[in-house]
Peer 1: 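So that we are looking at the same thing, I have put the structure below in structure tokens.
Small disclaimer: the values here were computed from a predicted structure and weren't measured.
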Amino acid sequence: MGYTDQRFNVNLSILYTELPLLERPAAAAAAGFTAVELWWPWIETPTPDQAELDALKKAIEDAGVQLTGLNFYAGKLPGPDRGAVSVPGEESEKFRANLKVAADFAESLGCKALNALYGNRVDGVDPAEQDKLALENLVLAAKEADRIGAILLIETLNKPESPLYPLVSAPAGVDIVDKVNEATGLGNAKFLMDLYHLAMNDEDLPSVIERYAAKTGHVQIADKPGRGAPGTGELPLEDLLDQLKKAGYEGYVGLEYKAPDAAASFGWLPAEARAAR
């Protein structure tokens, strides 16, 4: 067991940001990785020109990497926003406009996981109304994901860095997963278990894994503190991933950490272990 027994992908929205977007897939491939994931790359628009979609698709295909995860439109991320699902008005409308665009792009690259960030609480808006809107939008997203044979991911963040985001515990995230599955009957909503965010919330990570591994559709990691590469902080990430695997998790582990030089940050993972198996 250990890191060499996992399937990793590189999040190209937080790593290799020193490079233009279209150069990042090839950079990940040059480092030995064969799988990548992305936040929604066009933060200003849910419906970019087809030429932009085609250019990114070509960059991924030319690099020979597999896109394994994609966010739906989530507002300005990185930035002040944390999704659009529960945000009334224009942001919710943008999320809905993005559903088919994102799903079609994912389908064109064989991507089977779509992540919908819940969105921040909004001053002057009843949280119950936001939650009602969120469920409506997540039902639409689950159906769109199902159309392409994908899962819908629901992610918890951490309160210190995202104080307006309401899903800041594993139980809160899993509760939304259950509500979406109950509403659709599809069963394709899954928990995105980000070990960094959960650790920042001071959750008992072994307990979270034990309770929720079966409902987990994707895992992301970074060390704490600092959100750096494994080994730069205090988290026993290797042991935690071993526990996940023993609990039956067979999916990808997304490398969603910060590094000023991505290529130099992978020393913790032997080159021969970077290709997804």
Side-chain angles (χ1 to χ4, degrees), residues 3 6-45 48-49 51-83 102 105-106 109 111 113 115 117 155 157-158 160-162 192 194-197 199-200 218-233 235 237 252-276:
Y3 288 137
Q6 308 293 334
R7 288 200 299 165
F8 293 103
N9 64 31
V10 177
N11 188 302
L12 298 180
S13 298
I14 194 169
L15 284 167
Y16 289 111
T17 54
E18 66 273 20
L19 299 175
L21 176 64
L22 297 185
E23 294 179 18
R24 297 176 201 172
F33 292 96
T34 56
V36 298
E37 63 183 27
L38 282 165
W39 302 341
W40 184 247
W42 298 278
I43 64 173
E44 300 293 342
T45 177
D49 291 340
E52 293 186 75
L53 292 160
D54 291 344
L56 180 55
K57 179 175 184 287
K58 184 177 187 299
I60 292 170
E61 290 176 333
D62 287 352
V65 294
Q66 174 65 50
L67 182 68
T68 58
L70 177 69
N71 282 16
F72 285 113
Y73 171 81
K76 290 180 174 59
L77 182 75
D81 299 333
R82 297 293 186 272
F105 182 74
L109 286 162
C111 173
N115 183 28
L117 284 167
E155 182 175 7
L157 301 181
N158 74 77
E161 295 174 328
S162 302
L192 196 167
D194 187 309
L195 296 179
Y196 168 75
H197 289 310
M200 286 288 290
H218 186 47
V219 173
Q220 291 174 331
I221 63 169
D223 216 332
K224 173 203 170 189
R227 200 172 184 175
T232 60
L235 292 183
L237 289 168
Y252 284 94
V253 176
L255 304 181
E256 199 186 43
Y257 62 78
K258 297 178 180 179
D261 182 344
S265 76
F266 299 123
W268 57 275
L269 183 63
E272 61 272 16
R274 297 175 189 175

Peer 1: Measure across Ala102 and Leu70 and return the closest heavy-atom pair with its distance rounded to 0.1 Å.
Peer 2: O-CD2, 3.7 Å
Peer 1: Is any side-chain heavy atom of Asn9 closer than 4.5 Å to a side-chain heavy atom of Val253?
Peer 2: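 Side-chain contact under 4.5 Å: no.
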Peer 1: For the residue pair Tyr257 and Trp268, does the interplanar ring angle fall in the parallel (under 30°), tilted (30 to 60°) or perpendicular (over 60°) class?
Peer 2: perpendicular
Peer 1: Might you point out which heavy atoms bring Ala28 and Leu12 nearest each other, and give the distance in Å?
Peer 2: CB-CD2, 4.1 Å
Peer 1: Only counting residues at least two apart or in another chain, list the ones meeting ring-ring contact (aromatic ring centres under 6.0 Å, His included) with Phe105.
Peer 2: none
Peer 1: Would you find a donor on one side and an acceptor on the other, under 3.5 Å apart, between the side chain of Trp42 and the backbone of Tyr73?
Peer 2: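 The answer is no, because no donor-acceptor pair under 3.5 Å joins these two groups.
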Peer 1: Quick one: CG on Leu195 to CD on Glu256, what's the gap to the nearest 0.5 Å?
Peer 2: 11.0 Å
Peer 1: Any side-chain heavy atom of Thr34 sitting closer than 4.5 Å to one from Gln66?
Peer 2: no
Peer 1: Identify the heavy atoms of Ala276 and Ala35 that sit nearest to each other, and give their distance.
Peer 2: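 Heavy-atom minimum between the residues: CB-CB, 4.3 Å.
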Peer 1: Quick one: CG on Asn71 to CG on Asn11, what's the gap to the nearest 0.5 Å?
Peer 2: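 These two atoms lie 8.0 Å from each other.
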Peer 1: Could you state the interatomic distance from CG (Leu269) to OH (Tyr3), rounded to the nearest 0.5 Å?
Peer 2: 9.0 Å
Peer 1: Which pair of heavy atoms, one from Ser162 and one from Leu157, lies closest together, and at what distance?
Peer 2: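 The pair with the smallest heavy-atom distance is OG-CD1, 3.8 Å.
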Peer 1: Got Asp194 and Asn158 here, is their nearest side-chain heavy-atom distance under 4.5 Å?
Peer 2: no
Peer 1: Does any part of the side chain of Leu38, heavy atoms only, come nearer than 4.5 Å to the side chain of Val36, both counted from C-beta?
Peer 2: no
Peer 1: Tell me if a side-chain donor or acceptor on Asp223 pairs with a main-chain N or O of Gly231 at a distance below 3.5 Å.
Peer 2: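 Side chain of Asp223 to backbone of Gly231: a pair is present.
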Peer 1: Measure from the side-chain N and O atoms of Arg274 to the backbone N and O of Phe266, and report whether any donor-acceptor pair falls under 3.5 Å.
Peer 2: yes
Peer 1: Starting at CG of Leu117, measure out to CG of Leu192 and round the result to the nearest 0.5 Å.
Peer 2: 8.5 Å
Peer 1: Quick one: CG on Leu67 to CG on Leu56, what's the gap to the nearest 0.5 Å?
Peer 2: 8.0 Å
Peer 1: State, yes or no, whether a side-chain contact exists between His197 and Lys224 at a heavy-atom distance under 4.5 Å.
Peer 2: no
Peer 1: Which atom pair, heavy atoms only, marks the closest approach of Ala29 to Ala63?
Peer 2: CB-O, 3.5 Å
Peer 1: On a heavy-atom basis, which atom in Asp81 and which in Ala74 lie closest, and how many Å separate them?
Peer 2: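 Smallest interatomic distance, heavy atoms only, reads CB-O, 3.7 Å.
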Peer 1: To the nearest 0.5 Å, tell me how far Ile221 CD1 sits from Arg227 CZ.
Peer 2: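 Atom-to-atom, Ile221:CD1 and Arg227:CZ are 11.5 Å apart.
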Peer 1: Would you say Glu161 and Tyr196 are linked by a side-chain donor-acceptor pair, where the criterion is simply a distance under 3.5 Å?
Peer 2: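 Yes, a side-chain donor-acceptor pair sits under 3.5 Å.
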Peer 1: Are the side chains of Val65 and Val10 in contact, using a 4.5 Å heavy-atom criterion?
Peer 2: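 No, too far: nothing below the 4.5 Å cut-off.
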Peer 1: Hey, are the side chains of Asn115 and Trp39 touching, using non-hydrogen atoms and a 4.5 Å cut-off?
Peer 2: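 Counting from C-beta outward, Asn115 and Trp39 never come under 4.5 Å.
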Peer 1: Sub-3.5 Å donor-acceptor pair from the side chain of Arg24 to the main-chain atoms of Leu15, do we have one?
Peer 2: no
